[in-house]
Each structure stands twice: as C-alpha cells, then as structure tokens.
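Protein chains get the first letters and strands the later ones, always in sequence-line order, with residue 1 at the start of each.
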Amino acid sequence: MSILPSSGQTSPSFFLENYLCPTMLQISVLKEQTARVLAGLAKRNFKTAEADVQAILVLDQRRRALQTQHDAAQAEANELARQIGGLLKAGDKAGAEALKVRTGELKIQVKAHADELAEAEKQQTQLLYKLPNVPHESVPAGHSADDNEVVREGGTKPELPAGAQPHWELIKKYDIVDFELGIKITGAGFPVYKGQGARLQRALINFFLDQARDAGYTEVQVPILVNEASGYGTGQLPDKEGQMYHDAQDNLYLIPTSEVPITNLYRDEIIAADKLPVRNTAYTPCFRREAGSWGADVRGLNRLHQFDKVEIVQITQPENSYAAHAAMVAHVENLLQLLGLPYRVLRLCGGDMGFTSALTYDLEVWSAAQGRWLEVSSVSNFETFQANRLKCRYRGEGGKTQLLHTLNGSALALPRIVAALLENNQTPEGIRLPEVLHSYCGFGVIK
RNA sequence: AGAGAGGUGGCAGAGUGGUCGAAUGCGACGGUUUCGAAAACCGUUAUACCGGCAACGGUAUCGGGGGUUCGAAUCCCCCCCUCUCUACCA
C-alpha cells in the first residue's frame, strides 16, 4: 500500500482520512522494543505513552486478524469468479448461477471486513501520529532549554570596546540592513540588505556552500515551494501547518527549511546501496510565520519571517547514521571556528527536542553585545522516523528493503551569524570580518 | 488562462470484461562460452500487507477515490497530475 500518492496533489484531508499506513514510528519497533520506547518517551515527558502504545498494539492485533479474514474471503471469491468464468464458457449457465449465491455472501463479508479493517487502521494511525520519535539513549531527560546539556565550548569571547552596540544599532550605523524598508514593501521580519550587507549575505552563502562541497556534499538547487505530500513526508504537516506560509490557490507551501525539498527528493525511493550515503547541500531562503512569537528575543536579526540558510542533509544506512551525525556536527563546528565565532554545542534534552528527532545537537554562537547565546544550527538524526513516512529505503541483507536514516543540519543559518559577526568584531574603525570571508566579500572591513 | 492529448513494471511500450502482476523491447543481475572482455545464448528481474521458523502461500496495487459486474488495467462517475499548441512571460 502506498503511504503517499505516487504523483499529484491531494485534498487537504487526504492523509488523515485515507490513512493507508503513514506510520511514524514503526509498529515492529513498538512491539519488539516496548520497554525502550516507553523509557524514551518518558524522557520527553510524554504522559500517555504507556496507554497509547498499549492501544496501538491491541489495534494492531485486531488489524492483522481482520486482514487474515478479509484475505481468506477475498481468495475464495476470486476462486469462485474463476470457476464461474469457466462454467459460462462451457455454457453451464445454471452451474454459474449456483455459484453466484455463495459469491454474493462473500461480497458482503469482504465489504464488512474491509470497513472494519479501514476503521482499525485509521484509529491506529491517529494514535501513531501522536507519538514523537524515541530519543537516543544519550538524550538527557528534561523539560525545557534549561535542561539541555552543554557538550563543549569553543573559541574565545571577545572584549568589546567601550560603547559597543548590539547589531540592530550597528546595521543602522553602517546602513547595511534596513527593516523599515522591509516593512514598507512586505512587513515586519522581512529585512532588506543593502550594500556591504547584501554582499556579506552573498559571501556567506558561497562560503558555506563551498565548505559543504569540500566536505563531500553534492550541491542541489531545489524549489522553495512544495506540495502537500512533501510537507507530510518530512513531518511539517499535519502538525505545523500554521508555521508555514500557504498558497491556498495552488495548495503549495513556502518551505520553512530546505530540509523539506531536499529530503523529499528521496521520497518513495529505494536507493541503491552504492549510492549511499546520500549527502546533499543547498542554499535556500526559508520562510516561517513564527505565529505568536514576540518580545526582546526577537529584536533585529534574531528572528525573522524570511532568512537565508545553507542546509546539509544525509541519508545513511542505519548502522552509519550516528557517525554521520557526529561528522555533521564537526562540519558545522569547523565553520564557526573558521569564522572565529565563540560557540558552544548543546545536546538537547527530551523536552526541548523536536517531535521527529531522535538526537539533536544545537550549535550556538556568542552574541557579545547582546550578552547571550544565539542558536545558529540544529543538527538532527531522525533515524527511521521520517524515512517511514517517506518510504525511503535501500536493499539490505538478502535483498530485503529496509528503511534508511535521515539527518539534517543547518550549515549555517545566516542572520544570527551576521548578528554575531557584527557585534563581536566591532571596532572604532569598522567591523573587521574574518579572514576567510575577505575574498568572498571583496572587502575585509564594513565601514 | 483557452484548446487538445495522455497517465500501465527501472525505462520504452502492448493490452478495451475472464487464468493479466500484466506481452514485447531496452536496461540491470546471474549463468554458459572466453586467457579475459565483447557478442551470442539461457535464466532471473515490482512494492506493500497478512499467514508461516522457513520453503512458500494468500491479498492488494496498471495516477487517486467511488461505482457497475460472479469477475475491471479494460465500462461509468468524481478528483489529481503530466505533456502539446495558443496566450502570457524571466
């Protein structure tokens, strides 16, 4: 059965009502590793885990029993239809009519079984949708960002000169980002970059893409509008509908991250073993409605509706995914080191981790003038959680298809990097950019 | 946006009510042959679910959903998508 339509647009309710089997966690995992699942969900403070898992397993048993019955009845009906065909060919009309009696009964049975089966599957699916991914064993328990674990820090926090300013003052001083203009033509959260500001954006994008390419990632350029199936594939739908800009006329969504189009490239694919691991990178603008966010934390470039980001994505065999994950974190760390930004690496606790992730490291840079850490990257391993929906598989031992692991990370998101670069490197003579950017920018100092 | 054509296995492409999960070709894989390779020949080559330790058996799937029928790739209805021409346009 197909989780997603092989082609085409679908009505908004397609996935919820027509179910099929869009499981997120695999039933087999729930069944065989119940204790691990429950312990993991506890780290996420997921209160109803035990009852939900129980209910899913009971429904699963029921579902399978129903399918066995359904299949048996259907098999009998198929056999009778064959016989009727033979009889009619032989001219035995009476014999055919006699068999049709039984066939009529079976038809009713099959219909009843099919309805029950669909209902059981629907219920099961709805419960499965509620369950977040099971955290990796290294994930600490916790309720909020305060419980995240600082894994390590790098770089040195700068001593700022007297009269140092936050980036929202600096961008005015050097006239490189204009929020007022953005408000005029679009709205709040859509800045206009000007002059050296615009060139810095372009430089960072190129720098990040080149670094990713050097690290073995293949650059792709993807659409920034995606269809509904893609939203479901990576898990933005049905949950985070309100976070995405939506074009109702064509039922397309503006991507919140290029994770969505890049990962969906591999939707419904069985990837040949010699093509693994998949390593892709892309630059795209990203769009987030960020409904309901407000306050001092969102000043300046800290939080925007549109921002630029270079993303790295890997798709690996299960046994390799955590090594890949570590390599991705190291890649991002290296970027921050090259940029000379003080940073720290956090292992997110169960309560702060995204719904679909099994393990997430956040990388934060020190924003000297604001005196706070800013998240600039989030590197996650989704294990099979996304792949299960995407039907992204490879052929493993004995030719059996197996789900792959999907991973992604920001490498990097620009606005907060820009904020930190501006604040940390401010001098009376201007903003001294790190060496690696000079050739990309065509200048070394913003003034 | 207007008009038309079409959606079948990895690809191409037959198939208009019955043993069709689907001819044929290409590709891929295995074998024969060869010192080796090519060619030729032989064979294999979809996915998901259910049952089974397994061998294997069953069910479903010919864009999606519904209907007619004992039986649907094939007939009917609705929807989606793609292509071509026109219009528009970087």
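Residues from residues 89-109 of chain A lying near RNA chain B, meaning a heavy-atom separation below 4.0 Å, are A:Lys100, A:Thr103, A:Lys107 in numerical order. At a non-hydrogen distance threshold of 4.0 Å, A:Asp71, A:Gln74, A:Ala75, A:Asn78 from residues 70-80 of chain A come into contact with RNA chain B.
With no hydrogens or angles considered, no side-chain donor-acceptor pair links A:Asn388 and A:Thr384 at under 3.5 Å.
Checking B:C20 for Watson-Crick or G-U wobble geometry (two distances, each under 3.5 Å) identifies no partner in any strand. When both distances must be under 3.5 Å, the Watson-Crick or G-U wobble mate of B:A73 does not exist. Of all nucleotides present, none satisfies the Watson-Crick or G-U wobble test against B:C89 with each distance under 3.5 Å. Base pairing analysis places B:U59 opposite B:A48; the two distances defining the Watson-Crick or G-U wobble pair are each below 3.5 Å. With both pairing distances under 3.5 Å, B:C83 is matched to B:G4 as a Watson-Crick or G-U wobble pair. Figure legend. B:C26 is base-paired to B:G10; pairs are counted as Watson-Crick or G-U wobble with both atom distances under 3.5 Å. B:C53 is unpaired under the criterion used here, namely a Watson-Crick or G-U wobble arrangement in which both key atom distances are under 3.5 Å. Both distances falling under 3.5 Å, in either a Watson-Crick or a G-U wobble arrangement, occur for no nucleotide opposite B:U34.
Rounded to a whole Å, the CG atom of A:Asp250 is 8 Å from the P atom of B:A1. Rounded to whole angstrom, the span from the CD atom of A:Gln67 across to the P atom of B:G58 amounts to 15 Å. Put simply, CD1 on A:Ile270 is 13 Å from C1' on B:U45, counting in whole angstrom units. A straight line from CD of A:Glu228 to P of B:G64 spans 17 Å, rounded to a whole angstrom. One atom, CZ of A:Arg63, and another, C1' of B:U59, lie 13 Å apart when rounded to the nearest Å. Rounded to an integer number of Å, the gap from CD1 of A:Ile84 to P of B:U19 is 14 Å. Regarding A:Glu269, its CD atom lies at a distance of 13 Å from the P atom of B:U47, rounded to whole Å. Here B:G9 presents its P atom at 13 Å from CG of A:Asp268, a figure rounded to the nearest Å.
Distance noted for atom C1' between B:U68 and B:G13: 30 Å (whole Å). Here the separation of B:U44 from B:A3, taken at their C1' atoms, is 47 Å to the nearest Å. Going from the P atom of B:A23 to that of B:A73 covers 15 Å, rounded to whole Å. The separation of B:C26 from B:C78, taken at their C1' atoms, amounts to 37 Å, rounded to a whole angstrom. Straight-line distance between the C1' atoms of B:A48 and B:C62: roughly 16 Å, to the nearest whole Å. Spacing between B:A46 and B:C29 at atom C1', rounded to whole Å, works out to 15 Å. A distance of about 12 Å separates the P atoms of B:C76 and B:G17, rounded to the whole Å. A gap of 13 Å separates the P atoms of B:G57 and B:A22, to the nearest Å.
A residue-by-residue look at A:Ala65 and A:Lys111 shows that A:Ala65 has its nearest nucleotide of RNA chain B further toward the 5' end.
Of the listed residues (A:Arg62, A:Gln69, A:Lys111), just one forms a side chain to side chain donor-acceptor pair (under 3.5 Å) with A:Glu116, and that residue is A:Arg62.
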Write out a two-atom table: protein N or O, nucleotide N or O from nucleotides 54-56 of chain B, distance below 3.5 Å.
none

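The aromatic rings of A:Tyr245 and A:Phe190 are tilted relative to each other, their planes meeting at an angle between 30° and 60°.
Taking all atoms of both residues into account, the shortest heavy-atom contact from A:Ala387 to A:Leu403 is O-CD2, 3.6 Å. Contact detail for A:Gly235 and A:Arg389: the closest heavy-atom pair is CA-NH1, 3.4 Å.
A:Met328 places a side-chain heavy atom less than 4.5 Å from the side chain of A:Leu407.
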